[in-house]
Amino acid sequence: MFKWSKSDLIVIPLMLLIISASAVLLHFLLRNKKYYIRRIPLQIISLIVVVIEIIKQFYYRGNPDFTYYVLPLHFCSLFMVLMPLSQFFGHKVGSIFKPMTFVYSGLVTVLVLVNPNALIGQSTSDILGSFHNIHTFVFHFSVIAYFIFSIALSDYQPKFIHCINVTCGIVFYAVYAIPCSYRLQVNYVNILYSFFEPLEKFRLWAGQVWYNIVLFAAGVIGACLICVISTLIYKCCVKFINKRNFAE
């Protein structure tokens, strides 16, 4: 945890600065525009995520470097479905999937800051060195951009009840990811073993079943915590804005 390489120390803060500055600029440029215009940046990010994942699958098709790890069975692979559902399929569908997309992208943002190597590997040290590095870098920072842009463009209004949405999403993922991980013998989202030493010690002591239960329970708790914190911050901001408007 918190083991950043020298390149991480340079690239990650720089990317966060660029993304945040762009989000602030878009906030002021689009704040008085209609909703369908304000969501365009998020739609563009959604398309980038889908396209780069499709390119990845075609790139490794028949490639000697292909392994089952390439398949879109990672937790982050959910974004190539969740983002389009959130942005291109109307309000009713969006209201179901936006909580998942926002919270999971927030979770990815936190995890990149806590342990960059676990999500983006060494891609910051040689971004253009291989297709793998390009894909890893662009994909994950697009997810981070989606999270920050969602806040800046007021695209999602968090609610406590959305903990149900994010929990159901993780349970749905576990239902197919766990069997696939064991069947293919690929360590998707640390299902087979953990790179986090305390969890790995727990796995060796308690066994795989309890380890997987604790692993996904921790994911649910983390996602719900982001949802709750986001809701509290949102409610505080709304109250502050209402008070200021009333005073004026």
Side-chain angles (χ1 to χ4, degrees), residues 1-52 75-76 78-80 82-83 86-87 94 98-125 127-128 133-158 162 166 222-223 225-241 244:
M1 292 180 67
F2 299 107
K3 292 182 180 179
W4 289 34
S5 66
K6 290 182 180 179
S7 59
D8 289 337
L9 290 170
I10 297 172
V11 175
I12 293 176
L14 180 61
M15 285 302 301
L16 290 176
L17 179 62
I18 292 172
I19 292 170
S20 299
S22 300
V24 172
L25 179 63
L26 286 171
H27 169 77
F28 287 106
L29 287 175
L30 302 178
R31 61 180 175 175
N32 295 322
K33 301 295 183 180
K34 294 182 178 179
Y35 175 65
Y36 76 91
I37 294 178
R38 285 191 286 112
R39 65 193 290 188
I40 290 176
L42 294 172
Q43 291 177 332
I44 292 173
I45 293 173
S46 301
L47 291 174
I48 289 173
V49 166
V50 172
V51 169
I52 196 169
F75 183 75
C76 286
L78 288 173
F79 290 111
M80 66 180 294
L82 293 179
M83 285 185 181
S86 298
Q87 296 299 326
K98 276 187 182 182
M100 299 181 203
T101 312
F102 177 83
V103 170
Y104 298 163
S105 61
L107 191 59
V108 168
T109 303
V110 171
L111 291 175
V112 166
L113 295 177
V114 171
N115 190 0
N117 185 62
L119 270 79
I120 61 175
Q122 301 299 317
S123 61
T124 58
S125 64
I127 298 170
L128 300 178
N133 284 353
I134 295 172
H135 174 274
T136 299
F137 186 85
V138 173
F139 188 97
H140 288 89
F141 278 98
S142 294
V143 171
I144 292 173
Y146 187 98
F147 176 68
I148 296 175
F149 281 22
S150 290
I151 297 172
L153 299 174
S154 302
D155 185 67
Y156 166 64
Q157 289 75 48
H162 290 163
V166 300
L225 189 60
I226 291 176
C227 187
V228 169
I229 292 173
S230 300
T231 303
L232 291 173
I233 293 174
Y234 176 75
K235 287 181 177 293
C236 289
C237 290
V238 170
K239 285 183 180 180
F240 174 76
I241 293 172
R244 188 179 68 176

- A223 and V103: which non-hydrogen atoms are nearest, and at how many Å? O-CG1, 3.2 Å
- Query: Does a side-chain heavy-atom distance below 4.5 Å link I44 with I40?
  - Reply: yes
- What distance do F147 atom CZ and L107 atom CG have between them, rounded to the nearest 0.5 Å? 10.0 Å
- On a heavy-atom basis, the closest approach of L113 and W4 is O-NE1, 2.9 Å
- Query: Could you give the distance from CE (M83) to OG (S142), rounded to the nearest 0.5 Å?
  - Reply: 7.5 Å
- Note on the structure: Rounding to 0.5 Å, atoms SG (C227) and OH (Y234) come to a distance of 13.0 Å
- Item | Q87 side chain near K98 side chain, heavy-atom distance below 4.5 Å | yes
- Item | Residue among I226, T231, L232 satisfying side chain to side chain contact (heavy atoms under 4.5 Å, CB included) with V228 | L232
- Aromatic rings F79 and F75: how do their planes relate, parallel, tilted or perpendicular, breaks at 30° and 60°? perpendicular
- Nearest heavy-atom contact between A152 and A23 is CB-O, 3.4 Å
- Message: Is there a side-chain contact (heavy atoms from CB on, under 4.5 Å) between S20 and V24? Walk through the geometry before answering.
- Response: CA-CA 6 Å; S20 299; V24 172; 5.5 Å; no
- If every non-hydrogen atom of P99 is compared with every non-hydrogen atom of G94, which pair is closest and at what distance? CD-O, 4.1 Å
- Is any side-chain heavy atom of F102 closer than 4.5 Å to a side-chain heavy atom of I151? yes
- CG of L14 to CD1 of I19: how many Å apart, nearest 0.5 Å? 9.5 Å
- So, do I12 and M15 sit near enough that their side-chain heavy atoms are less than 4.5 Å apart? no
- Message: Quick check: do F141 and S123 have side-chain heavy atoms less than 4.5 Å from each other?
- Response: no
- Query: Taking side chain as C-beta onward, heavy atoms only, is V49 less than 4.5 Å from Y146?
  - Reply: no
- Query: Roughly how far, to the nearest 0.5 Å, is OG of S125 from NZ of K6?
  - Reply: 12.5 Å
- What is the minimum heavy-atom distance between L119 and T136, and which atoms define it? O-CG2, 3.8 Å
- Nearest-0.5 Å distance, CE of residue M100 to OH of residue Y156: 10.5 Å
- Regarding T124 and D8, is there a side-chain donor-to-acceptor distance under 3.5 Å anywhere? yes
- Looking at side-chain heavy atoms only, is the closest gap between D155 and S86 below 4.5 Å? no
- Message: If you compare all heavy atoms of K33 against all heavy atoms of R38, which two are closest, and at what distance to 0.1 Å?
- Response: O-NE, 3.4 Å
- Message: F137 vs V11, test: side-chain contact (heavy atoms from CB on, under 4.5 Å). Steps then yes/no.
- Response: CA-CA 10 Å; F137 186 85; V11 175; 3.5 Å; yes
- Message: Would you say that L128 contacts N133 through its side chain, given a criterion of any heavy-atom pair below 4.5 Å between the two side chains?
- Response: no
